[in-house]
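Notes to accompany the following structure.
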Amino acid sequence: MIEIENLTKRYGDALAVDDLSLVAQPGEITGLLGPNGAGKSTTIACLSGLREPTSGRVRVLGHDVVRDKRAALAQLGLAPQELALYEDLSARENLEYWGAAFGLRGIVLRNRVGDVLEAVGLFDRADERVSRFSGGMQRRLNFGCALVHSPRVLLLDEPTAGVDPQSRVKLLELVRAQARAGATVLYTTHHMQEAEELCDRLAIVDHGKLIASGSLRELHARLGGRDLVQLGGAFSPESTRAALESAREALGEFEVVSLDERALQLSLRDGSRRLAALLDAVRQSGGEVRETTLRQPSLESLFIALTGKELRE
Amino acid sequence: MSSSRDLLHAILAAARRDWIRRWRDPLSLALWLGIPLVIGGLIVLAMGGRAGSQPKARVLVVLHDDGLLGELLVKALSSEQAGVIEAETVDEELGRSLIERGEASALLVVPQGFSNAVWNEWPIALELVTNPSQRILPGIVMESLSLLSEAVFYAHRVLGADVRAVLDASVGRDELEIARAAVGVSRGLERVSGYVFPPAIELRTQVREAEGAAPAAKRSPAAYFLPAMLMMALLFMAEGLADDVWREKHSGALRRILSSPTGASASLVGKGLAGWALMGSVALVVCALGAAAFDLAVWRALLAALWCSCAGAVFLALLTLLKLFASSQRGAGVIGNLLLFPLLMLGGSFVPFVMMPQWLVEIGRRLPNGAAVELLDTILFGAPRASTVALGFAAAFASCALLVALASRRFSGAFARGES
């Protein structure tokens, strides 16, 4: 179990994580979702003992990462975004080293290395140097190195970055298997689809703040089944807002997510049926529509609804 | 499980990791060792190499002349001062077949009547056949003959008349004329002796054996360069090995190391241990070769290798610590080079101390590698005292412990967090 209570991390004047609270349960995959610079990696760094929080508490299986670091880290497996591998060693030697660094030895270490090689599909190439592996194989081994000491908590920082689709599927299956075996998995990503596919619970962060959390069903419910309509063109914000209010009867229940001179985003029910009324209202306000996008309820539309911007921005 | 056992286990695992990695990179090892060996080898060759191993010119002399000067010519060519030339008298047939087969540097044919012609200043020609497959040695032979002919010219100016008188006397004059001519030769030699023969001063020296002084046997230039080149190789190795902290940082391995319960210190100490063992192995091979080449005792080679590994570990810890303060890997490289080259030049690790001016030696001895090379030289070629050697090892251990402690703090702190 991972417990993060009111975690704040500052770098000088910059606030990287702002009062973040989160709980990740055993047997579940908790996704930490957000754009680059949202504070995901800093949160992982505080959890893995690399950085100390400015304030707040971080506990792994009940052990405070700052006060009881050794006990907390002994149960932790980390797969950093960069490949934490020694390229001039073989896959087996890498696993042996990381296992030994986490306290395994002798026959236990050898057996565990064999099991992990089998699990990540590298048993046949165990004695080859990592420098000769493809990117996908290296990612799988990187993940395997995080597993070798059978940790009860896994921190996976964008483990599928730059991986081919086949290796990605294999990796996601490995992550699911760990959760099924009872591990607590915290998985950071900025891929909405991957998060929806894999995670049992999600925490969406932006600018270091938690902006939404819950199961996928709970988060979808927050959109109230509304579609997201995005219009691009030239708008006069005040007259557009007034025109939308005048057309409230035709548009039904809606919410303006963002509005400026070049773009309008709003969430509304039955977006496809009400699109004509929306375009009429915008035209009457003197606006000009050049581009229209309609999104079904999804994590991405939720993120846009919550932050007014797309995740990749 | 006790935490100290876990720590020791993690240190040994890290040492094994780096030991394997180093041997998987033979090119780097070859470069670290090869550069000093090539530099040292070239300098030693330029200085004449090991004593007694210089090449000699074999000159075959066919002597048809039965006079005194023919014999003198052979002796003058292979005189002790010439050194490089070994002259031997052969018959003409054998001489020509040997030079044809390339088994000599030159063949000199002295014709009949050579002595008589020289004393009477009649024209006479010597025949010199050189070996075309050799360039330098036949050149030396030609140069020597040219010098000898000049010497004969001056001898003529001083003694020619008297010698001719002696020669004439020997074919029919009375004893008084022979004696007069001999006195003339003697006086002539007396006149020029002040110019030709410098005053002979015999200097008797008594060398008191001091610590560090070489034993009575004469040391060749190569023997002076052995400790210097070995120390240069160790410095190159330490500089290369110290870069690894930056490679670990960029790869993400450092992040995972920091998330291990034993932390970064175990990894860093293991890294140092692997470096120590690697430098010790290399030093052992070099010292064993040195012992074979210079007839050194086995204990000297073993103690020297042990000392090299300890000194190398200090260099590694020092360079690692400095590189941990760089703001980038490139900056770390610049810091390494900025430190390395002055240390090499001043600390007797490029040019041996015996070939450096005294004021520079005084500075060099105070540098870490200067102190290390001095003790290494004493262990290999001098008379080391147990107390001095023990003090050297103690100083190395203490320095290493302090530097590793500082480096470990930096490695797991600001360096890992990217605050360098």
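Values reported hereafter were calculated over all heavy atoms of this structure, with side chains retained and with hydrogens, waters and symmetry mates removed. Letters A, B, ... are given to chains in the order of the sequence lines, protein chains preceding strands, and every chain is numbered from 1.
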Next item on the list: Heavy atoms only: give me the nearest B/Arg22-B/Leu29 pair and the separation to one decimal.
Entry: O-CD1, 4.1 Å

Next item on the list: Provide the closest heavy-atom pair for B/Ala283 versus B/Leu230 in the form atom of the first, atom of the second, distance.
Entry: CA-CD1, 4.2 Å

Examine whether an atom of [X] lies under 4.5 Å from a heavy atom of chain B, and if so say whether it belongs to the side chain, the backbone or both; otherwise answer neither.
X: A/Ala72; value: neither
X: A/Ala79; value: both
X: A/Asn142; value: both
X: A/Ser90; value: backbone
X: A/Leu104; value: backbone
X: A/Glu87; value: neither

Note to self: Out of B/Arg255, B/Arg21, B/Glu248, return the one with the most heavy atom pairs under 4.5 angstrom to chain A.
What the structure shows: B/Arg21

Next item on the list: May I ask you to name which of B/Ser259, B/Ala13, B/Ala10 has the most heavy-atom pairs under 4.5 Å with chain A?
Entry: B/Ser259

Checklist line | B/Ala264 versus chain A, the contacting section by heavy-atom distance below 4.5 Å | finding: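 Contact with chain A: none, neither part.
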
Next item on the list: With a 4.5 angstrom heavy-atom cut-off, could you sort out which part of B/Arg247 is near chain A: side chain, backbone, both or neither?
Entry: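 B/Arg247 has no heavy atom closer than 4.5 Å to chain A.
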
Check: So does A/Glu93 pair up with A/Arg129, basic N to acidic O under 4.0 Å?
Finding: no

Item checked: Lys/Arg N to Asp/Glu carboxylate O, A/Arg139 vs A/Asp164, below 4.0 Å -> no

Next item on the list: Give the ring-plane orientation class for A/Trp98 versus A/Tyr86, where under 30° counts as parallel, over 60° as perpendicular and anything between as tilted.
Entry: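 Ring orientation, 0 to 90° scale: parallel.
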
Note to self: Quick check on side chain to side chain contact (heavy atoms under 4.5 Å, CB included): which of B/Ile11, B/Leu241, B/Asp244 does B/Lys271 satisfy it with?
What the structure shows: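 Of the listed options, the one satisfying the test is B/Asp244.
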
Next item on the list: Evaluate the criterion side-chain hydrogen bond (donor to acceptor under 3.5 Å, both in side chains) for residue pair A/Tyr11 and A/Arg51; output intermediate values, then yes/no.
Entry: CA-CA 11 Å; A/Tyr11 298 116; A/Arg51 295 183 185 281; 3.1 Å; yes

